There are 2 protein chains.
Amino acid sequence: MVRLTKKIEYALMALKYISDECDKIVTAKQISENLNIPNQLLAKILQKLKKEKILESVQGIKGGYKLGKKLNEISLSFLIETIEGDMGIVDCLKTDRQGECCQTDSCNIKDPINQVQTEIYKVLKNKMVSDFV
Amino acid sequence: MVRLTKKIEYALMALKYISDECDKIVTAKQISENLNIPNQLLAKILQKLKKEKILESVQGIKGGYKLGKKLNEISLSFLIETIEGDMGIVDCLKTDRQGECCQTDSCNIKDPINQVQTEIYKVLKNKMVSDFV
DNA sequence: TTAAAATACGACTTTTTAGGTCTTATTTTG
DNA sequence: CAAAATAAGACCTAAAAAGTCGTATTTTAA
Ligand code: SF4
Ligand code: SF4
């Protein structure tokens with residue numbers, strides 16, 4: 001299943017929304033209502049984006065989020081890693097589950113699989129969030 | 001989650017195995033034991049490959065499988081579609097679930113998402129099973 | 001002609017992940 | 001101090017991936 005998760009889509013939609021409000025500070029609620037995204041879920045996504053400085057946040061009643069980086073500096077691969085953790089199209093290429101594959105010994109396709117991953121990542125690395133705006 | 005499923009990996013491993021046995025007929029059991037793949041699961045994967053003529057099968061006690069196509073004629077994208085059905089990196093791009101996305105109306109990233117899909121597919125379409133051997 | 005060993009098929013169960021919710025704390029403004 | 005926002009983590013639910021079971025059918029050879 002080569003798919004983008006909803007979280008990634010929500011992040012992209014939100015970043016585009018925030019970008020459109022150029023420098024005004026926007027709340028999670030405002031975004032979730034306008035884009036029809038579950039509020040709490042979006043909130044947690046935005047928090048992750050903040051941790052990686054993709055967004056800056058202001059707490060308190062007048063608070064909200066604004067961009068912390070330029071959209072053309074955020075690659076899709078970085079966004080995915082920010083939200084989902086280290087990538088890896090198969091078990092043996094995920095840092096957090098090396099050795100979990102029962103086929104490691106009998107596996108006869110490790111190297112070419114690695115190549116596929118490299119090529120897919122190249123696409124994701126060259127695709128910037130600014131391409132979504 | 002940009003990942004290959006186990007089924008896809010099993011299919012690739014099996015195809016490589018069969019290819020190595022050049023024209024000898026091999027049984028599902030033989031493959032599953034040599035590659036350490038769950039037998040019944042592999043059996044069903046091989047059946048799907050047969051339906052798309054990637055493999056040819058012989059029933060009965062002396063039966064088994066052999067290649068039905070040359071490995072350099074089978075793209076990774078075709079293999080994925082054979083096993084998992086029509087691809088689509090997001091709901092609105094999957095033929096079997098158009099209209100299931102609650103954000104279709106508010107969505108502001110449809111076109112660029114489509115582009116990402118095109119680029120990923122290009123990779124999968126140009127990658128042939130022969131590249132795994 | 002029948003037992004054995006293979007493919008063929010569909011229903012089912014289990015495990016894992018994605019998607020979403022709830023609760024509580026903290027921060028900041030008016 | 002109340003209201004409205006972010007922050008954080010536990011929790012629940014639904015869907016998908018991974019694997020199993022049961023049974024039918026096909027073919028060979030004793
Ligand atoms: S089957 Fe091979 S390629 Fe796939 S995860 Fe296991 S070792 Fe890696
Ligand atoms: S959010 Fe937009 S891109 Fe994603 S599935 Fe819905 S309509 Fe398609």
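Sequence lines set the chain letters: A, B, ... in the order given, protein chains first and strands last, and positions in each chain run from 1. Everything numeric in this text was worked out from a predicted model, so none of it was measured.
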Expected output: side-chain B/Gln103 to main-chain A/Leu35 donor-acceptor under 3.5 Å: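 No; judged by distance alone, with no hydrogens or angles, the pair does not exist.
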Main-chain N/O of A/Lys122 paired with A/Asn126 side-chain donor or acceptor, under 3.5 Å: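 Indeed, once roles are kept as given, a pair shorter than 3.5 Å links the two residues.
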Closest-nucleotide ordering on DNA chain D, the 5'-leading residue of B/Leu41 and B/Arg97: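 It is B/Arg97, whose closest nucleotide lies nearer the 5' terminus.
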DNA chain D: 5'-proximal contact among A/Lys29 and B/Lys7 (nearest heavy atom):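 Result: A/Lys29.
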N-O pairing of A/Asp86 and A/Arg97 below 4.0 Å: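 So A/Asp86 does not pair with A/Arg97 through a salt bridge.
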Send over the distance from [X] [atom1] to [N] [atom2], rounded to a whole Å.
{"X": "A/Leu42", "N": "C/dA18", "atom1": "CG", "atom2": "P", "result": "18 Å"}
{"X": "A/Leu55", "N": "D/dT6", "atom1": "CG", "atom2": "C1'", "result": "12 Å"}
{"X": "B/Ile80", "N": "D/dA17", "atom1": "CD1", "atom2": "P", "result": "12 Å"}
{"X": "A/Ile83", "N": "C/dG20", "atom1": "CD1", "atom2": "P", "result": "13 Å"}
{"X": "B/Asn39", "N": "C/dA5", "atom1": "CG", "atom2": "C1'", "result": "12 Å"}
{"X": "A/Ile61", "N": "D/dA5", "atom1": "CD1", "atom2": "P", "result": "7 Å"}
{"X": "B/Lys94", "N": "D/dA15", "atom1": "NZ", "atom2": "C1'", "result": "12 Å"}
{"X": "B/Gln40", "N": "C/dT13", "atom1": "CD", "atom2": "C1'", "result": "13 Å"}

Can you tell me if [X] touches the phosphate of [N], counting only side-chain N or O atoms and a distance under 4.0 Å to OP1 or OP2?
{"X": "B/Lys50", "N": "C/dA8", "result": "yes"}
{"X": "B/Tyr65", "N": "C/dA6", "result": "no"}
{"X": "B/Tyr10", "N": "D/dA18", "result": "no"}

Over 12 foreign heavy atoms within 6.0 Å of NZ, A/Lys69: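 Above 12, so yes.
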Crowding at NZ, A/Lys53 (>12 non-hydrogen neighbours, <6.0 Å):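 For A/Lys53, atom NZ is not crowded (no more than 12 foreign heavy atoms under 6.0 Å).
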Polar side-chain contact A/Lys44-C/dT21 base: donor and acceptor under 3.5 Å: yes
Nearest-nucleotide comparison on DNA chain C, the residue closer to the 5′ end among A/Gln59 and A/Met1: A/Met1
Let's see if you can work this out: which of [options] has an atom nearest to the side-chain heavy atoms of [X]?
{"X": "B/Lys51", "options": "D/dA4, C/dA18, C/dC9", "answer": "C/dC9"}
{"X": "A/Gln47", "options": "C/dG20, D/dT6, C/dC22", "answer": "D/dT6"}
{"X": "B/Ser57", "options": "C/dT23, C/dA8, C/dG19", "answer": "C/dA8"}

Sugar-phosphate only, base, or nothing, as touched by A/Lys48 at under 4.0 Å among non-hydrogen atoms: nothing
Sugar-phosphate only, base, or nothing, as touched by A/Ala28 at under 4.0 Å among non-hydrogen atoms: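 It contacts sugar-phosphate atoms only.
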